[in-house]
Amino acid sequence: MSVSLTLPDGSLRSYPGPVSGTTLAADIGPGLLKAALAMRVDGRLVDLAHEIDRDAKVEIVTRKSDEALDLLRHDCAHVMAEAVQELFPGTQVTIGPSIENGFYYDFARDEPFTPDDLAVIEKRMHEIVDRDEAISREVWDRDEAADFFLSKGEIYKAEIIRDIPAGEQISLYRQGGFIDLCLGPHLPSTAKLGHGFKLMKVAGAYWRGDHRNAMLQRVYGTAWRDEKELKDYLHRLEEAERRDHRKLGREMDLFHIQEEAVGSIFWHAKGWTLYRALENYIRRKIEADGYEEVRTPQLIDSSLFIASGHWEMYGDNMMKVPLEEGKRTLGVKPMNCPGHVQIFKQGLVSYRDLPIRMAEFGCCHRNEPSGALHGIMRVRQFVQDDAHVFCAPEQVVEETRKFCRLLESVYADLGFDDFQVVLATRPEKRIGTDAEWDQNEGDLAAAISAAGMSYTVSEGDGAFYGPKIEFHLRDAIGRTWQCGTLQLDSLLPQRLDASYIAADGSKQRPVMLHRAILGSMERFIGILIEHYAGHLPLWLAPTQVVVATITSDADDYAEEVAGLLKARGLRVETDLRNEKINLKVREHSLAKAPYMIVLGRREAENRQVALRTLLGGKQSVIDLTEALDKLAGEALPPA
RNA sequence: GCCGGCGUAGCUCAGGGGUAGAGCAACUGAUUCGUAAUCAGUAGGUCGUCAGUUCAAUUCUGACCGCCGGCACCA
């Protein structure tokens with residue numbers, strides 16, 4: 001029976017019988033054969049050695065293909081596992097997938113791997129690539145495969161086999177003396193991997209991601225098409241390190257954290273200036289959008305949190321304060337919602353009052369696990385740009401749409417124009433009927449579309465009480481951060497017995513939309529610092545202008561200029577030290593002052609200023625009045 | 001919380017069983033200088049904390065605390 005294959009360019013190749021990708025690639029050309037890693041048959045990615053036995057569309061996947069990196073990384077994980085089992089006999093292999101930028105493999109071994117071990121493993125991996133071991137796929141009988149792995153002491157692999165649904169093939173891949181259970185596909189041989197890889201770190205990881213299971217040793221590596229791509233990646237990592245908000249926060253004198261207050265931030269004057277600039281900006285934005293700001297207590301009796309359900313759900317992560325020898329326990333609020341419901345409940349609310357958009361920059365405490373803490377990004381004391389919209393069910397779509405618009409505008413103002421919207425739908429463990437979920441998910445989806453946004457769906461990631469929208473923004477170096485969120489909640493109004501009087505005089509339950517744009521202020525400031533690599537936009541910069549003199553002859557003029565700038569609302573520092581201008585420029589540049597005004601005798605005589613920008617280091621000599629207008633104009637926060 | 005690594009001056013880091021060193025920063029003095037480091041001098045540390053071993057511990061051992069990287073968690 002003949003087989004005819006359609007290639008991506010539309011051309012047709014016919015064979016008298018089944019044919020492998022290797023043969024096909026070789027027939028097309030030796031260059032292609034050399035570059036070939038795998039192939040796509042009718043859209044399905046398979047090994048090059050796979051025999052095509054019927055008519056199909058075939059595409060040879062080469063190093064240049066988009067999917068090449070995935071293949072290379074997955075292969076690299078196997079090569080690493082082979083190296084590990086050669087060097088450390090008795091180590092069990094478990095799973096080793098490709099991930100963003102690389103791969104990992106989880107090993108079970110009593111001895112921990114040391115950083116020195118990594119170097120040795122990496123060296124052996126290069127040797128395995130040079131050995132050019134052929135990689136071949138074998139289909140095994142399920143029981144034989146399970147027995148085989150058990151006989152080798154590979155209990156994790158046996159467990160994986162046990163969990164593969166009946167009817168699915170059990171495929172093993174063999175390269176040299178190494179054989180691994182794997183779905184594939186793989187490269188034809190280890191040499192195709194090349195040498196663009198590097199082992200990065202060892203870390204613990206729970207078997208199957210469950211903290212009740214044994215902890216395995218995960219070795220992370222990065223892998224690329226060639227050594228140049230690898231080098232570029234390592235360079236990008238260095239760039240990310242330079243942007244680290246913990247380092248910049250210290251260098252820019254923004255904040256610090258110390259042992260006596262783990263998980264809480266000491267905001268220095270400059271950092272707090274940034275914080276307030278951001279908070280005030282949000283305050284103006286939400287005020288313009290119909291929000292009212294409130295403030296609720298820090299300490300609230302446990303009874304309220306018991307009623308809200310938080311005590312049971314998150315009690316372990318709450319800060320608790322026993323009072324009156326244990327007769328009462330107060331909880332330090334971990335979020336603002338129960339408090340907001342209390343304000344809502346004061347007096348009667350009419351349907352005419354809805355929606356009520358209640359905002360609070362309330363300080364919340366959560367006893368985050370020690371391992372979760374990270375700079376100012378993950379702390380135990382934080383403030384959200386939090387608000388709750390109390391509305392009637394039929395107002396959900398409009399309120400959600402309105403929020404999406406607001407959020408989009410805020411992100412744009414802050415320099416993030418790329419963000420993704422994710423709709424998280426009903427989880428397995430949930431309350432409410434399917435009809436309610438259909439309605440709620442539909443409402444959110446409709447609202448996102450009405451706001452002119454597209455979204456992806458994350459199945460099962462919603463809260464147990466309702467679906468949520470997540471907003472992930474992309475920073476200057478391509479990382480994504482989940483910041484904004486909107487959660488539809490009809491449970492809390494019920495648990496805390498909030499109601500309004502409807503048009504027909506009946507008592508109705510409002511719906512609550514929990515929503516935040518920045519998320520935690522602390523975390524968002526960390527993101528801003530890293531996004532801008534410390535070069536904050538003028539309106540957010542703690543010091544906006546440094547007035548520096550060249551000689552002391554200009555001191556009086558410098559004081560005058562600084563005074564005039566301050567009068568125009570700018571945040572100004574003067575530098576009248578008896579130091580060379582080179583030093584002053586260097587120091588203030590390193591401190592990331594967006595503008596410097598350099599004054600010498602000439603400027604003083606002409607009532608001009610030499611204005612210098614940090615980025616680009618451009619300078620221009622302009623009249624003082626012009627400079628005042630220019631800077632005052634540019635320093636205005638976005639409207 | 002779990003696994004691994006780390007903890008020496010304000011910062012970056014070296015050192016190592018006989019109570020410590022560099023560069024930068026700081027301070028003092030000189031220098032008045034045109035856009036990313038002027039020169040000279042001075043001072044600065046219970047070597048994370050607490051135990052143990054030892055004639056002697058910052059160094060070795062243990063526990064604890066903290067930080068870093070992951071995992072788990074994130075209302």
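Per chain, numbering begins at 1; letters A, B, ... match sequence-line order.
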Original post:
Is it true that a side-chain atom of A:Asp117 and a backbone atom of A:Thr114 form a donor plus acceptor pair closer than 3.5 Å?
Top reply: yes
Original post:
In whole Å, what is the span from the CZ atom of A:Phe266 to the P atom of B:G10?
Top reply: 17 Å
Original post:
Quick one: A:His245 NE2 to B:C68 P, roughly how many Å, whole number?
Top reply: 8 Å
Original post:
Where the side chain of A:Val585 is defined as all heavy atoms beyond and including C-beta, which of B:A75, B:C2, B:A36 is the nearest nucleotide?
Top reply: B:A36
**OP:** Could you grab the distance from atom CG of A:Asp110 to atom CD of A:Gln217, nearest 0.5 Å is fine?
**Re:** 9.0 Å
Original post:
Considering heavy-atom distances to RNA chain B, does A:Tyr206 or A:Val598 have its closest nucleotide positioned more toward the 5' end?
Top reply: A:Tyr206
Subject >> Spacing of A:Glu100 atom CD relative to B:G70 atom P, expressed in whole Å >> reply: 13 Å
**OP:** Tell me what A:Asn578 touches on the nucleic acid: a base, only sugar-phosphate, or nothing, going by heavy atoms under 4.0 Å.
**Re:** base
**OP:** Evaluate the salt bridge (charged side-chain N to carboxylate O under 4.0 Å, His left out) criterion for residues A:Glu459 and A:Arg426: first the C-alpha distance (whole Å), next the side-chain angles of each, then the deciding distance (0.1 Å), finally the verdict.
**Re:** CA-CA 7 Å; A:Glu459 300 281 357; A:Arg426 67 194 81 183; over 6 Å; no
Original post:
How would you label the contact of A:Ala463 with the nucleic acid (heavy atoms, under 4.0 Å): base, sugar-phosphate, or nothing?
Top reply: nothing
Original post:
Has the side chain of A:Arg378 got a donor or acceptor that lies under 3.5 Å from a partner of the other kind on the base of B:C74?
Top reply: yes
**OP:** From the options B:C3, B:C33, B:A36, select the nucleotide whose nearest atom is closest to the side chain of A:Met215.
**Re:** B:C3
**OP:** Have a look at A:Arg612 and say if it touches a base, only the backbone sugar-phosphate, or nothing, with a 4.0 Å heavy-atom cut-off.
**Re:** base
Original post:
Given the C1' atoms of B:G15 and B:U58, what is the spacing between them in whole Å?
Top reply: 11 Å
**OP:** For A:Lys333 and A:Thr296, test the side chains for any donor-to-acceptor distance below 3.5 angstrom and give the result as yes or no.
**Re:** yes
Original post:
If you check every side-chain atom of A:Lys201, which of B:G70, B:C73, B:A36 has the closest atom?
Top reply: B:G70
Subject >> A:Arg73 to A:Trp224, cation-pi by 6.0 Å centre distance and 45° axis angle >> reply: yes
Subject >> For B:A40, the Watson-Crick or wobble partner whose two distances fall under 3.5 Å >> reply: B:U28
**OP:** Would you mind classifying the nucleic acid contact of A:Leu216 as base, sugar-phosphate or nothing, using non-hydrogen atoms under 4.0 angstrom?
**Re:** nothing
Subject >> Rounded distance in Å between the C1' positions of B:C6 and B:U12 >> reply: 15 Å
**OP:** Could you let me know what B:G18 is paired to, Watson-Crick or G-U wobble, both distances under 3.5 Å, or none if it's on its own?
**Re:** B:C55
Original post:
For the side chain of A:Ser458 and the backbone of A:Asp461, is there at least one donor-acceptor N/O pair under 3.5 Å apart?
Top reply: no
Original post:
Just checking A:Glu603: base, sugar-phosphate only, or nothing, at a heavy-atom cut-off of under 4.0 Å?
Top reply: base
Subject >> Letter per nucleotide, 5' to 3', of nucleotides 4-9 of chain B [B base touched, S only sugar-phosphate touched, - untouched; heavy atoms, 4.0 Å] >> reply: S-----
Original post:
Which one, B:A75, B:C73, B:C33, comes nearest to the side chain of A:Pro369?
Top reply: B:C73
**OP:** Please test A:Arg378 against A:Glu522 for salt bridge (charged side-chain N to carboxylate O under 4.0 Å, His left out), starting from the C-alpha separation and ending with a verdict.
**Re:** CA-CA 8 Å; A:Arg378 189 80 184 269; A:Glu522 288 79 359; over 6 Å; no
**OP:** Scan A:Arg250 against the nucleic acid and name what it touches under 4.0 Å (heavy atoms): base, sugar-phosphate only, or nothing.
**Re:** sugar-phosphate
Original post:
Between B:U32, B:U35, B:G1, which nucleotide has the shortest distance from any of its atoms to the side chain of A:Ile581?
Top reply: B:U35
Original post:
Given the P atoms of B:C47 and B:U19, what is the spacing between them in whole Å?
Top reply: 13 Å
Original post:
How far, in whole Å, is B:A25 from B:C39 if one measures between their P atoms?
Top reply: 10 Å
Original post:
Roughly, in whole Å, what's the span from CG in A:Asp244 to P in B:C68?
Top reply: 9 Å
Subject >> P-based separation of B:U59 from B:U8 [nearest Å] >> reply: 13 Å
Original post:
Has the side chain of A:Thr549 got a donor or acceptor atom that lies under 3.5 Å from a matching backbone atom of A:Ser552?
Top reply: no
Original post:
Is the side chain of A:Lys270 donor-acceptor paired with the backbone N or O of A:Phe255 at a distance under 3.5 Å, no angle test?
Top reply: no
Original post:
Among the nucleotides B:C71, B:U32, B:A37, which one has an atom lying closest to any side-chain atom of A:Ser552?
Top reply: B:U32
**OP:** Decide whether a cation-pi geometry holds between A:Lys201 and A:Tyr220; the criteria are a distance under 6.0 Å from NZ or CZ to the six-membered ring centre and an angle within 45° of the ring axis.
**Re:** yes
Original post:
How far, in whole Å, is B:U38 from B:C33 if one measures between their P atoms?
Top reply: 15 Å
**OP:** Rounded to whole angstrom, note down the C1' distance from B:G17 over to B:U61.
**Re:** 13 Å
Original post:
Of the nucleotides B:U38, B:A72, B:G70, which one has an atom closest to the side chain of A:Tyr220?
Top reply: B:G70
Subject >> Listed nucleotide nearest any side-chain atom of A:Ser370, set B:C73, B:G1, B:A37 >> reply: B:G1
**OP:** Output the residues of residues 293-317 of chain A in contact with RNA chain B, where contact means a heavy atom of the residue under 4.0 Å from an atom of the strand; sort by number or write none.
**Re:** A:His310, A:Tyr314, A:Asn317
Original post:
If pairing requires Watson-Crick or G-U wobble contacts with both distances under 3.5 Å, which nucleotide is the partner of B:C71?
Top reply: B:G1
Original post:
Which base sits across from B:C33 as a Watson-Crick or G-U pair, both distances under 3.5 Å?
Top reply: none
Original post:
How long is the line joining CD of A:Glu470 and P of B:C74, in whole Å?
Top reply: 12 Å
**OP:** Would you tell me if any nitrogen or oxygen in the side chain of A:Arg246 comes within less than 4.0 Å of OP1 or OP2 on B:G69?
**Re:** yes
Original post:
For A:Glu587 and A:His514, take the nucleotide of RNA chain B holding the closest heavy atom to each; which residue's nucleotide lies nearer the 5' end?
Top reply: A:Glu587
Subject >> Complementary nucleotide for B:A63 - Watson-Crick or wobble, under 3.5 Å >> reply: B:U49
Original post:
Which atom pair, heavy atoms only, marks the closest approach of A:Asn213 to A:Trp207?
Top reply: ND2-O, 2.8 Å
**OP:** Taking A:Gln487 for its side chain and A:Arg515 for its backbone only, find out whether a donor-acceptor pair lies under 3.5 Å.
**Re:** no
Original post:
Rounded to the Å, how far apart are A:Arg212 CZ and B:C73 P?
Top reply: 10 Å
**OP:** Grab the NE2-P distance between A:His374 and B:G66 for me, whole Å please.
**Re:** 17 Å
Original post:
Within the modelled atom types, does a donor on one side and an acceptor on the other bring the side chain of A:Arg366 and the base of B:C73 under 3.5 Å apart?
Top reply: no
**OP:** Figure out the CZ/P separation between A:Arg577 and B:A37, and round it to whole Å.
**Re:** 14 Å
Original post:
Within the side chain of A:Arg571, is there an N or O that forms a donor-acceptor pair under 3.5 Å with the backbone of A:Ala541?
Top reply: yes
Subject >> Whole-Å C1' distance, B:A14 and B:A9 >> reply: 13 Å
